[in-house]
Amino acid sequence: MIVTTVLIIFSLILSFYFRNYALSTTEDQLETELTRIENVVLSNHTLDLNDAYLAAEENLIIYSDGTFIAGDNEIAEEIYNEMISENLASSTFIVNDINEREFMVKVSDLSEYFESDTAIIKYDNLDRVNQSYMTVLIILIISAAVLFLITTFFAFFLISRITKPLIALKNASFKTAGGKYNQLKVTSRDEIGELTLAFNKMNDNIKNTISELTHEKNLRETVFSSLSNGIIYFNTSAELVYSNDKGRWYFEQFQQNEEAFGQFKDMLKDISKTDEPHLESLDMNDQHLQVAMSPVKSSEEENGVTVLIRDITDEYNTEKMRTDFISSVSHELKTPMVMLSGYSEALLDDIVTEPDEVKEMVSIIKDESDRMNKLVNELLIIARMDSDEVLYDITPQDFNILLEELQQRFSFEMRDNELTLEINIPADTVVFPFDYDKLNQVFTNLIDNAIRYTKAGGVITINVSREDDGYITVEVKDTGTGIKRENLKHIFERFYKADEARTRGKHGTGLGLYIVSNIITNHDGTITADSLVGEGTTFTIKLPENRKE
């Protein structure tokens with residue numbers, strides 16, 4: 001467009017310049033002719049020139065006192081009439097005849113040399129000038145058109161060389177923004193080529209940087225997701241910005257309590273304005289949590305708060321278990337030791353001399369010694385279980401034999417406590433892999449518990465059945481006092497004992513059901529308990545009929 005505009009302006013200027021030059025040349029020629037004719041007229045002191053001279057002088061008009069003489073009277077008359085009608089007063093002017101032909105007219109006033117108004121008029125036809133002007137104008141137009149085409153071609157050529165790589169850079173930039181890092185081909189050594197090289201270098205750097213950031217992000221996500229602790233990051237407005245899976249679960253749990261969550265958000269806002277970390281303990285849904293809050297700042301600008309939530313339930317329970325263990329063992333050992341010491345002193349000091357009383361005290365001493373021995377053995381078993389030192393001999397065996405032995409062993413105790421033991425087994429032999437001694441210990445413990453918690457006249461039932469899912473189900477059911485619902489979930493914990501007021505006779509150590517649960521678990525089985533207070537308790541054991549090695 002710029003080149004075209006320049007060409008048009010240049011063509012117009014040249015055309016006007018050529019026309020003015022032609023007109024100026026014609027005027028100079030007329031001026032010369034008039035000067036020559038003036039000299040002839042003034043030298044002869046008369047206007048009466050012969051016809052031969054007038055015929056020889058082309059385009060001449062001699063005016064004198066309202067009349068004129070000319071070689072071509074028709075053209076001269078038209079020019080004269082045009083001059084009179086237009087009141088042309090200048091010495092040089094252009095007129096048109098009736099045929100729209102242009103004439104340049106040059107007038108020389110000689111009135112001062114004669115008594116009447118006298119003038120010599122010279123004119124020239126401008127058709128040649130106009131024709132030359134049109135010829136030059138056409139040449140200029142054709143030249144301008146050719147130059148326009150040439151410049152347009154080169155313009156589009158240069159534009160394509162400039163815009164094509166720029167468009168490629170633009171498209172590549174959009175692809176880079178979309179995550180596709182393509183290299184561009186360098187087609188020139190100019191500034192655009194250098195720009196392309198710089199873009200390719202930038203693209204490589206962005207790709208490597210994004211790759212490193214993605215790797216670090218994935219590594220961070222993997223590390224954070226593998227942590228058992230919850231990690232949450234809040235901004236200064238206590239709005240969630242980032243969390244791992246565990247942290248998001250904790251955050252959703254916090255949101256369920258609006259009042260506590262509001263206090264939690266206020267605490268986050270306060271901590272974000274300080275430089276001191278904060279450690280808080282929190283109990284939530286039977287979980288004991290340790291919440292560590294640390295403000296995050298960069299360049300003295302507050303960014304937010306990082307919250308680390310650690311579940312210390314196991315540590316809390318372990319510490320509680322350790323305390324309970326020491327307390328329980330101390331209590332369990334103290335009672336029989338006091339009794340042993342007291343009854344032994346009574347016997348040594350001959351306080352009791354009657355044979356029956358002596359026998360009764362010796363029997364009590366033996367029972368308490370057996371109780372202490374049982375407690376020590378159970379503690380040793382638990383220690384071996386915790387260290388995985390207990391060996392299991394799990395082989396296919398007849399479960400009916402174990403039940404028959406149990407029935408014979410507890411027959412006297414059942415009669416002594418006025419209880420009934422019922423065993424219901426399938427008609428065919430029940431054979432599956434198990435450790436005979438370990439399951440004997442399991443059912444001995446369960447039957448012993450049932451005897452302690454069942455009043456006279458009650459029934460203890462063992463039901464054995466095969467399930468379609470490939471498991472053997474054994475139910476140990478009693479009609480005893482039952483277990484409260486809130487205590488039912490704790491019965492397989494160490495040293496847990498039900499209300500001793502509901503037991504009949506001797507109470508246990510609180511380790512039996514923990515050992516039972518551990519043995520069943522090592523058989524790849526499960527044990528559950530269901531109970532109604534006043535109606536009895538049912539323990540359900542499921543053992544695989546075909547256990548994998």
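- For the salt bridge (Lys or Arg N to Asp or Glu O under 4.0 Å) test, residues two or more places apart in sequence or in another chain that qualify with Glu545 are Arg466.
- Residues Asn229 and Lys246 have side chains not in contact (no heavy-atom distance under 4.5 Å, counting atoms from C-beta outward).
- Atom OG in Ser173 sits 10.0 Å away from atom CG in Leu166 (nearest 0.5 Å).
- With sequence neighbours excluded, the residues forming a side-chain contact (heavy atoms from CB on, under 4.5 Å) with Glu239 are Asn235, Ser237, listed by chain and number.
- Taking the side-chain hydrogen bond (donor to acceptor under 3.5 Å, both in side chains) definition, one finds that Thr176 meets it with Asn203, sequence neighbours left out.
- Under the rule for a ring-ring contact (aromatic ring centres under 6.0 Å, His included), the partners of Phe432 that lie at least two apart in sequence or sit in another chain are Phe399, Phe434.
- Within a 6.0 Å sphere centred on CD of Glu467, heavy atoms belonging to other residues, nucleotides or ligands number more than 12.
- A side-chain donor-acceptor contact under 3.5 Å links Thr151 to the backbone of Phe148.
- Looking only at distances, no side-chain donor or acceptor of Ser211 sits under 3.5 Å from a matching main-chain atom of Lys207.
- In summary, of the residues considered (Ile515, Thr521, Val516), a side-chain contact (heavy atoms from CB on, under 4.5 Å) with Ile519 occurs for Ile515 alone.
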Do any side-chain atoms of residues 264-271 form donor-acceptor pairs under 3.5 angstrom with protein atoms, and if so which ones, sequence neighbours left out?
none

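- You'll find the side chain of Leu308 stays beyond 4.5 Å of the side chain of Val291, heavy atoms only.
- Partners of Phe251 according to the ring-ring contact (aromatic ring centres under 6.0 Å, His included) rule, which considers only residues two or more places apart in sequence or in another chain, are Phe234, Phe261.
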* To do: Evaluate side-chain hydrogen bond (donor to acceptor under 3.5 Å, both in side chains) for Asp204 paired with Gln183, printing each intermediate quantity in order.
  => CA-CA 8 Å; Asp204 287 337; Gln183 292 291 316; 2.6 Å; yes

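- With 3.5 Å as the limit, one finds a donor-acceptor pair spanning the side chains of Asn522 and Asn518.
- Looking only at side-chain heavy atoms (C-beta outward), Val307 and Glu280 stay at 4.5 Å or farther from each other.
- Taking Thr5 as the reference, Ile9 meet the side-chain contact (heavy atoms from CB on, under 4.5 Å) condition, with sequence neighbours excluded.
- For Asp28, there are no salt bridge (Lys or Arg N to Asp or Glu O under 4.0 Å) partners, not counting sequence neighbours.
- Applying the salt bridge (Lys or Arg N to Asp or Glu O under 4.0 Å) criterion to Glu475, with sequence neighbours excluded, gives no partner residue.
- By the salt bridge (Lys or Arg N to Asp or Glu O under 4.0 Å) test, Lys542 pairs with Asp469, sequence neighbours left out.
- Residues that satisfy the side-chain contact (heavy atoms from CB on, under 4.5 Å) test with Phe18, not counting sequence neighbours, are Ser132, Tyr133, Val136.
- Counted within 6.0 Å of CD on Gln131, heavy atoms from surrounding residues, nucleotides or ligands total 12 or fewer; the atom is thus considered open.
- Of the possible polar contacts, one joining the Asn244 side chain to the Ile231 backbone as a donor-acceptor pair under 3.5 Å is found.
- Distance check, rounded to the nearest 0.5 Å: CG of Leu169 to CG of Leu195 gives 5.0 Å.
- Residues that satisfy the side-chain contact (heavy atoms from CB on, under 4.5 Å) test with Lys175, not counting sequence neighbours, are Lys180, Asn182.
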